[in-house]
Amino acid sequence: MGVLTAGGDCPGLNAVIRAVVRRSLAGGHDPIGLWRGYAGLAERSYVDLDMRTVSGILHLGGTILSTSSYDPYRHDGGVERVLEAVEQDGFDAIVAIGGEHTMTITRRLYEEHGLPLIGVPKTIDNDVPCTDFTFGFDTAVQVASDAIDRLHTTAQSHDRVMIVEVMGRNTGWIAVFGGMAGGADAIVIPELELTVEEICEAINARHDRGKRFSIVVVAEGAQLAFASGEKRLIRASPETDMYGYPRLGGIGQALGKEIEARTGFETRVTNIGHVQRGGTPTARDRVLATRYGVMAAELAEQREFGRMAALQGTEMTSVPLSEVEGVKHVDLDYLRIAATFFG
Ligand code: F6P
């Protein structure tokens with residue numbers, strides 16, 4: 001039974017690897033790691049996995065299998081090499097742990113070539129459809145909420161506006177949950193346009209009622225929008241990543257300049273960046289990752305291929321990979337609740 005981790009890393013990957021390995025060993029199977037995602041199959045680069053190699057990794061961030069964005073469909077002969085490896089090296093099942101793009105590769109390899117694949121959704125962004133929560137998200141939210149707590153005290157001491165930029169790609173999950181947990185005074189997300197003028201109005205209203213500082217949480221994928229209708233997506237660089245996604249980042253700085261110029265309040269910007277993705281997973285993420293891993297190994301054992309382990313409500317279940325399409329946006333009801341405390 002092969003196990004691979006692909007795409008960006010996130011806290012809890014090692015907990016899933018451990019769970020897949022321990023559950024498959026308990027079932028009498030023979031787990032093996034694929035080095036750096038699907039590249040491990042194409043290059044037939046494998047890592048021994050046994051009780052010893054997965055011992056002591058539950059709490060560790062990153063992934064002991066390393067990761068990459070290698071997509072066999074984007075490399076000449078990539079798919080053929082993957083097929084050859086599965087056939088010749090005798091894989092009966094492979095658990096692919098990755099984000100939305102990895103799920104697409106996994107679905108195609110299953111549907112087009114009948115490979116014995118199971119998906120496990122991972123991302124701090126919580127944007128994979130058909131599952132309520134992905135592991136890694138809770139840790140990212142905890143990091144964002146801790147950062148906001150720290151920024152609160154210094155904002156208060158200096159009467160400043162603090163902008164906190166968080167990750168999330170094209171969704172506002174981390175911003176809304178982190179912002180609500182940290183008591184943000186405004187939250188700006190891609191799913192709901194909030195103009196610079198509206199944000200400044202909320203900050204001014206707060207200051208008018210005697211508050212001398214404000215915390216604004218902004219998701220990296222939110223656009224800088226103005227009442228005039230002008231909108232700008234701010235990017236960290238003009239390049240795209242290997243999957244063709246824009247490299248986001250910088251909305252915090254752009255928004256901070258506008259707020260300072262328009263309100264006259266001294267404004268500082270913090271981008272917490274990859275700190276959200278590194279380090280030890282929260283207890284909740286360890287539990288969730290463990291449940292995902294055990295479910296994936298059980299699906300593999302039952303030869304329920306072409307499915308993704310999923311959390312629906314409090315139940316761990318599975319869905320066909322063919323249903324896992326597009327991006328899951330934040331439920332705006334969470335923002336409505338957070339907004340009760342704005343201004
Ligand atoms: O998908 C996870 C994520 O951390 C996003 O929130 C972010 O936009 C992106 O990955 C950053 O990617 P990279 O690590 O390639 O800079």
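Numbering of ligands and ligand atoms starts at 1, following listing order.
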When you measure from the centre of the six-membered ring of F135, is the NZ or CZ of R284 under 6.0 Å away and within 45° of the axis? no
Does atom CZ of R209 have more than 12 heavy-atom neighbours, drawn from other residues, nucleotides or ligands, at distances under 6.0 Å? yes
Is the Y334 to F177 ring centre distance short of 6.0 Å? yes
Can you tell me if I124 has a non-hydrogen atom under 4.0 Å from ligand 1? yes
Contact partition for L248 relative to ligand 1, non-hydrogen atoms under 4.0 Å: neither
So, 4.0 Å and heavy atoms of G168: is ligand 1 close enough to count as a contact? yes
salt_bridge(R36, E43) N-O dist < 4.0 Å: no
Could you tell me whether R247 approaches ligand 1 through its side chain, its backbone, both or neither, with non-hydrogen atoms closer than 4.0 Å? neither
Hey, which atoms in ligand 1 end up nearer than 4.0 Å to a heavy atom of M167? 4 (O), 6 (O)
Closest by any non-hydrogen atom to atom 12 (O) of ligand 1: pick that one out of K122, R277, E220, H101. R277
Considering only heavy atoms, does I174 approach ligand 1 within less than 4.0 Å through its side chain, its backbone, both, or neither? neither
Atom indices of ligand 1, in the order listed, that fall short of 4.0 Å to a heavy atom of R169: 1 (O), 6 (O), 9 (C), 10 (O)
Ring-ring centroid check F213 H158, cutoff 6.0 Å: no
For I251 and L224, work out which heavy atoms get closest and say how close. CD1-N, 3.6 Å
Is D127 salt-bridged to R169, cutoff N-O under 4.0 Å? no
Ranked by distance from atom 1 (O) of ligand 1, the top protein heavy atom is D125 OD2, 2.6 Å
Quick test: of every protein heavy atom, which one is nearest to atom 16 (O) of ligand 1, and how far off is it to 0.1 Å? H274 NE2, 3.2 Å
